[in-house]
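Inspection log for the structure reproduced underneath, given as C-alpha cells.
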Amino acid sequence: MKIAIGADHAGYRLKEELVPFIQSLGHEIEDFGCNCDQSVDYPDYALPVCDKVSEGQADRGILICGTGIGMSIAANKVPGIRCALVHDMFSAKATREHNDTNVLAMGERVIGPGIAQEIIRIWLETPFSNGERHVGRVGKVMQLESKYASHP
Ligand code: RB5
C-alpha cells in the first residue's frame, strides 16, 4: 500500500523510527514531515496527509503527535477521512473491522516504538469486516459530512 505519514515536533522521533519499519512490511511511504523538534502546529501536518488519502493518492495515512489527540481531531475534519486514535492492539484490529478507518493517529508521549509497530502491523493487515451492520454505520457517519457541508 501507499502510506502517507506526518508528525509534529512531539511525534517526529517516533515517525522516524516507524518509517523503515513500515517500508520493511513492503509498503511505500510518502513522508510529509516534520523532521526536527522545532515547534510546529499539528494541523499543518495532518492536512497534507489526509488530503492525499481523501484524494485517493494514498491508501492510508499515519499521524503522530505528542498524544495523537490533536492529529486525530484535525484529521476527522477532512472529508472522506475516518481517523482512529489508537494505543493498543485490540483497538487497532477493531477499528479496521468496524470503522474502516483510513488514517491512524498515535502519541509519541503515550506509547513506545514496539507497541506502535505492532499497532501499525495489525492496522495495515486487518480488512474491513464488510458486515452489513458495520457498512451501514460507517455510511451513516459519512453522511454527516453532507449534512453539515453547507454550515458556515
Ligand atoms: C505539542 O506540545 C502537543 O500539544 C501536540 O503534539 C499534541 O499532543 C496535541 O494534541
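Positions are given from 1, in the same order as the sequence printed here. Keep in mind that the numbers below use all heavy atoms, side chains included, and drop hydrogens, waters and symmetry copies. Ligands are counted one by one from 1 in listed order, and the atoms in each one are counted from 1 as well.
Listed by number with element, the atoms of ligand 1 under 4.0 angstrom from any heavy atom of D8 are 5 (C), 6 (O). Every atom of ligand 1 is numbered from 1 in the order shown, and the set under 4.0 Å from a heavy atom of H9 is 1 (C), 2 (O). Close approach of ligand 1 to A10 is summarised as follows: ligand atoms under 4.0 Å from at least one heavy atom of the residue are 6 (O). Close approach to G66 involves these atoms of ligand 1, each under 4.0 Å from a residue heavy atom: 5 (C), 6 (O), 7 (C), 8 (O).
In this structure, R109 has a heavy atom closer than 4.0 Å to ligand 1.
With respect to atom 7 (C) of ligand 1, the closest heavy atom belonging to the protein is C65 SG, 3.4 Å. Closest to atom 10 (O) of ligand 1 among all protein heavy atoms lies G70 N, 2.9 Å. Of the protein's non-hydrogen atoms, Y42 CE2, 3.5 Å is the one closest to atom 9 (C) of ligand 1.
Side chain of E145 to main chain of G80: a donor-acceptor pair is present (N/O by atom type, distance under 3.5 Å, no hydrogens or angles). With hydrogens and angles disregarded, a donor-acceptor distance shorter than 3.5 Å links the side chain of N102 to the backbone of R82. Side chain of D41 to main chain of P43: no donor-acceptor pair is present (N/O by atom type, distance under 3.5 Å, no hydrogens or angles).
Residue K77 qualifies as open at atom NZ: its count of foreign heavy atoms under 6.0 Å is 12 or below. Within a 6.0 Å sphere centred on CD of E132, heavy atoms belonging to other residues, nucleotides or ligands number 12 at most. With a 6.0 Å radius and a threshold of 12 heavy atoms from other residues, nucleotides or ligands, I29 has its CD1 atom above the threshold.
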Q) What do the steps show when you test E118 against R121 for salt bridge (charged side-chain N to carboxylate O under 4.0 Å, His left out), and what is the final call? A) CA-CA 5 Å; E118 194 57 11; R121 192 185 60 72; 2.4 Å; yes
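Counting only heavy atoms, the protein gets under 4.0 Å from atom 2 (O) of ligand 1.
Checked against a 3.5 angstrom limit, the closest N/O atoms of M71 and ligand 1 fall outside it. For ligand 1, the polar-atom distance check finds an N/O of T67 within less than 3.5 Å of one of the ligand's N/O atoms.
With respect to R60, the side chain to side chain contact (heavy atoms under 4.5 Å, CB included) criterion is satisfied by exactly one of V103, I120, L124, V53: L124.
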